[in-house]
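The analysis underlying the following values was restricted to heavy atoms, covering all of them including side chains, and did not include hydrogens, waters or symmetry mates. Protein chains get the first letters and strands the later ones, always in sequence-line order, with residue 1 at the start of each.
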There are 4 protein chains.
Amino acid sequence: MSTPQARRGNTRQRIQDVALELFSEQGYEKTSLREIAEKLEVTKAALYYHFKTKEDIVISLFQGLTSPIDELIVWAQEQPRTLETKHELIRRYSESLRSAEPLFRFMQENQAAVRDLSIGERFKERMLTLFGLLKEPDSELSDQVRCITALFSMHAGMFAMQNVEGDPEEKRKAILEVATELVTAANPPNRRPVRPDSAQTEAP
Amino acid sequence: MSTPQARRGNTRQRIQDVALELFSEQGYEKTSLREIAEKLEVTKAALYYHFKTKEDIVISLFQGLTSPIDELIVWAQEQPRTLETKHELIRRYSESLRSAEPLFRFMQENQAAVRDLSIGERFKERMLTLFGLLKEPDSELSDQVRCITALFSMHAGMFAMQNVEGDPEEKRKAILEVATELVTAANPPNRRPVRPDSAQTEAP
Amino acid sequence: MSTPQARRGNTRQRIQDVALELFSEQGYEKTSLREIAEKLEVTKAALYYHFKTKEDIVISLFQGLTSPIDELIVWAQEQPRTLETKHELIRRYSESLRSAEPLFRFMQENQAAVRDLSIGERFKERMLTLFGLLKEPDSELSDQVRCITALFSMHAGMFAMQNVEGDPEEKRKAILEVATELVTAANPPNRRPVRPDSAQTEAP
Amino acid sequence: MSTPQARRGNTRQRIQDVALELFSEQGYEKTSLREIAEKLEVTKAALYYHFKTKEDIVISLFQGLTSPIDELIVWAQEQPRTLETKHELIRRYSESLRSAEPLFRFMQENQAAVRDLSIGERFKERMLTLFGLLKEPDSELSDQVRCITALFSMHAGMFAMQNVEGDPEEKRKAILEVATELVTAANPPNRRPVRPDSAQTEAP
DNA sequence: AATGAATGAGGGTTCATTCAT
DNA sequence: TATGAATGAACCCTCATTCAT
């Protein structure tokens, strides 16, 4: 399974795999490059052939994740700001997260470490943008909470439910369902008509 | 305000304050005892006079938090398992958290570090117990998600909303409101009639 | 057995007892004052009320031992330099050691530590003096070995024989017996003239 | 002689040399890795490249010694249990020790430290095995003392006689001579024939 | 594509010791 | 006759990183 021959040429990938595994198991700070190297049966120096720094490994891990999200954001910005769009937004988001579960677990559990890791700031921006796309500009506090909770539950959901029995895909659907409800509740249909400060009579 | 004389006798407290501040600002692993000591203008060794290990400092930080929660759990277990009880449960829980916000930020952002910190396991148990008190024994996946999300939103809520403007106390209320809704939705009134173990024929 | 009342006034003694116990059990360097203090249920500072330094404790431990040996040396120097005197010397020496066994175990097992402990040099002198009293001035190498071995076996004997079953007092006698033989052999009465093993009739 | 270039490739060896030197000069506990590193003009971290722990250095020092002794033990167990075998045993043992003098000085003077150093227990076993090979199964206490003394004198002998003038090789021979005598005396010729553990009618 | 050897900075922790009270 | 609080120095050890080969 990991004979020297089989390792030819895919060391970079293997480093990423092991790194993600250990990072999300033990945390970023507690995982040393020595540990990663040992598990791969290579030298620490070999890691430095493939990655410039420890942080670089993390960055590379996120590379497959950020562009899908960026595309999603672009897509959403092009759509009309309807409830349907929002529903579709989180549906697609949920989809994106499916393959990235360990990455999110890692991020969720290592926020303190990730925060000053350059990826941190970038990610926060995305979150705020998504948040902005979900909530109405002047919505009430509680509606904002609903939107944030919707996003968070999708991030944290999967591994927060490790103790709950059930098929992973079923869980994901359940989480999406709740998130959708929250978004729905955060966008009351009859709100804008009544709002006095800008007679947005979007009546049919 | 910080003359050597004025510091007599409250060093332990001051260590805890600075530690919590730095831990939740920079993360547990990235905060060194040297740093804490320097900020206090004492020696590292002085910290060791007051606390046996670095972990011991963390444990002491949680000491004021665990017992209120334990009491809350005991209280809830003595109440009838009604929706009102559940509402009151999270209302009280929200109250408990008010003073413990930095502690929760710390825990939320350092899960990886906290996990093998002895406090981690204990805390997880509490969460599972609370979860068990909120959800009905045989509730559907989506209802379980609602309960977990309710709990999580209360933990993460405050600092997840740092970018949202508004009075902290207002935010807390908004969060509580959403959490309450989630719990309500997770406990559909027409479910209980069917439950066999206690013919609660709550007529339609 | 160690009520606060019973401890009145004899703390100094108790420190010495515990110190000797721990020193010879774990070694001098590995035994910290904290450990001693904890076992006594006093503070480290209390030790410093009774002893100026850690080394001072050791010195005090040897105080009961050095004078008997000094007296023994004085006595021996006043006697005629006969074999009988030498026998009596080691007999009395053996007697002195009986009560000082833990002390010798400590010294034997912590030579490296004791060496630069001021007591070390002083003790070495005594040993050399005793050695000088046992051997004849111009004796052969092998006879010098016999004398040194006699002394050493008395020091190391007791705890070197911990694995051998038997009554401690019996052991001491056995050791003394062997030591006596060694001294006898090192002091052949008719030495140079007659040595038997190779009719070296070095007659004048 | 110690240019960076000349040092390449033999650092491990140099660490061992300096370590043994310092350990036996100052004691194990009192010798810090900083000291060793400084004397070698490398960093402490360099030591850790070559040895996993401080204890590991000690273990490596003993590696050249234990196998000769083990072989010696095996050899002796294959021989008939005669006096000649015993003589040859200690003769060979003495030979083994010749090159290991500093090591034995170290061990002898740091027993307390070595005792819980993993090497300690292993070494003690060897000693007991050798002891068992020298003494007769049911020999008297005094004979057991003779055997133990024989062994000990060979260990301690060399550096116990540092103050005695004479050629080292001559000293070794003298020590071996005395040890041989002790073993001889511990194995009385007329004991075995008669031994039915009682009625030892040792004819005149 | 990788290694062997090393470094500098810093980690948490422990020590003997001091001194005002 | 002790203690509470603190210190400075040192400890062993680990880390991410470098660089010649």
Side-chain angles (χ1 to χ4, degrees), chain A residues 4 7-12 29-37 40-57, chain B residues 4-5 7-12 15 29-37 40-57, chain C residues 4 7-12 29-37 40-57, chain D residues 4-5 7-12 15 29-37 40-57:
Chain A
R7 279 153 51 182
R8 286 273 139 160
N10 64 336
T11 304
R12 200 187 140 91
E29 315 268 13
K30 292 196 80 164
T31 302
S32 69
L33 296 186
R34 178 180 52 69
E35 224 172 336
I36 297 175
L40 288 168
E41 290 176 298
V42 294
T43 5
K44 268 185 293 174
L47 304 186
Y48 278 89
Y49 177 79
H50 293 283
F51 298 94
K52 237 175 30 213
T53 67
K54 190 186 182 186
E55 178 169 357
D56 245 48
I57 300 182
Chain B
Q5 292 89 320
R7 280 155 48 187
R8 275 284 147 74
N10 65 334
T11 305
R12 200 188 141 92
I15 292 172
E29 315 266 15
K30 292 197 80 164
T31 302
S32 70
L33 295 186
R34 178 182 52 70
E35 228 169 334
I36 296 176
L40 287 168
E41 291 178 297
V42 294
T43 15
K44 268 190 292 173
L47 305 186
Y48 278 90
Y49 175 75
H50 293 282
F51 297 95
K52 257 202 332 254
T53 66
K54 190 185 182 185
E55 176 169 358
D56 240 49
I57 300 182
Chain C
R7 279 153 51 184
R8 286 271 138 164
N10 64 335
T11 304
R12 199 187 140 91
E29 315 268 13
K30 291 196 81 164
T31 302
S32 69
L33 296 186
R34 178 181 52 71
E35 222 172 338
I36 297 175
L40 287 168
E41 290 176 298
V42 293
T43 2
K44 267 185 293 173
L47 305 186
Y48 279 88
Y49 176 80
H50 292 282
F51 298 94
K52 237 172 33 210
T53 67
K54 189 185 183 187
E55 177 169 357
D56 245 47
I57 301 182
Chain D
Q5 293 88 320
R7 281 154 48 186
R8 276 284 147 74
N10 64 334
T11 305
R12 200 188 141 91
I15 292 172
E29 315 265 15
K30 293 197 78 165
T31 302
S32 69
L33 295 186
R34 179 183 51 70
E35 227 170 336
I36 296 176
L40 287 168
E41 291 178 297
V42 293
T43 15
K44 268 187 292 173
L47 304 187
Y48 279 91
Y49 175 76
H50 293 281
F51 298 95
K52 258 204 326 257
T53 66
K54 190 185 181 186
E55 175 169 358
D56 240 49
I57 301 182

- Task: Between C:E29 and B:K30, just flag the one whose closest nucleotide in DNA chain E comes earlier from the 5' side.
- Result: B:K30
- Can you sort out the partners of A:R12 under salt bridge (Lys or Arg N to Asp or Glu O under 4.0 Å), two or more places apart, ordered by chain and number? none
- Item | Which nucleotide in E:dC15, E:dT7, E:dT13 has an atom nearest any side-chain atom of B:L33 | E:dT13
- Task: Could you check which of E:dT18, E:dT7, F:dG8 has an atom nearest any side-chain atom of C:A45?
- Result: E:dT18
Closest heavy-atom contact between [X] and [Y]?
{"X": "D:I15", "Y": "D:F51", "answer": "CG2-CE1, 3.6 Å"}
{"X": "D:E35", "Y": "D:K30", "answer": "OE1-O, 3.6 Å"}
{"X": "D:L33", "Y": "D:K54", "answer": "CD2-CG, 3.8 Å"}
{"X": "D:Y48", "Y": "D:T53", "answer": "CE2-CA, 4.1 Å"}

When you measure from the side-chain N and O atoms of [X] to the phosphate of [N], is any distance below 4.0 Å, counting only OP1 and OP2?
{"X": "A:R34", "N": "F:dC15", "answer": "yes"}
{"X": "C:S32", "N": "E:dT14", "answer": "no"}
{"X": "C:T11", "N": "F:dT1", "answer": "no"}
{"X": "A:T43", "N": "E:dA2", "answer": "no"}

- Task: Please answer whether the main-chain N or O of C:A45 pairs with a side-chain N or O of C:T43 as donor and acceptor at a distance below 3.5 Å.
- Result: no
- Item | DNA chain E contacts among residues 46-57 of chain A, heavy-atom distance under 4.0 Å | A:A46, A:Y49, A:H50
- Item | Pairing pattern in dot-bracket form [Watson-Crick, G-U; both distances under 3.5 Å; | = partner strand] for DNA chain F | .||||||||||||||||||||
- How many angstroms lie between atom CG of B:L40 and atom CG of B:L47, to the nearest 0.5 angstrom? 7.0 Å
- Message: Just verifying a value: how many Å separate B:I36 CD1 and B:I57 CD1, rounded to the nearest 0.5 Å?
- Response: 5.0 Å
- Has the side chain of B:K44 got a donor or acceptor that lies under 3.5 Å from a partner of the other kind on the base of F:dT7? no
Atom-pair distance ([atom1] on [X]; [atom2] on [N]), nearest Å:
{"X": "C:I36", "N": "E:dC15", "atom1": "CD1", "atom2": "P", "result": "11 Å"}
{"X": "D:R12", "N": "E:dA6", "atom1": "CZ", "atom2": "C1'", "result": "16 Å"}
{"X": "D:E35", "N": "F:dC12", "atom1": "CD", "atom2": "C1'", "result": "14 Å"}

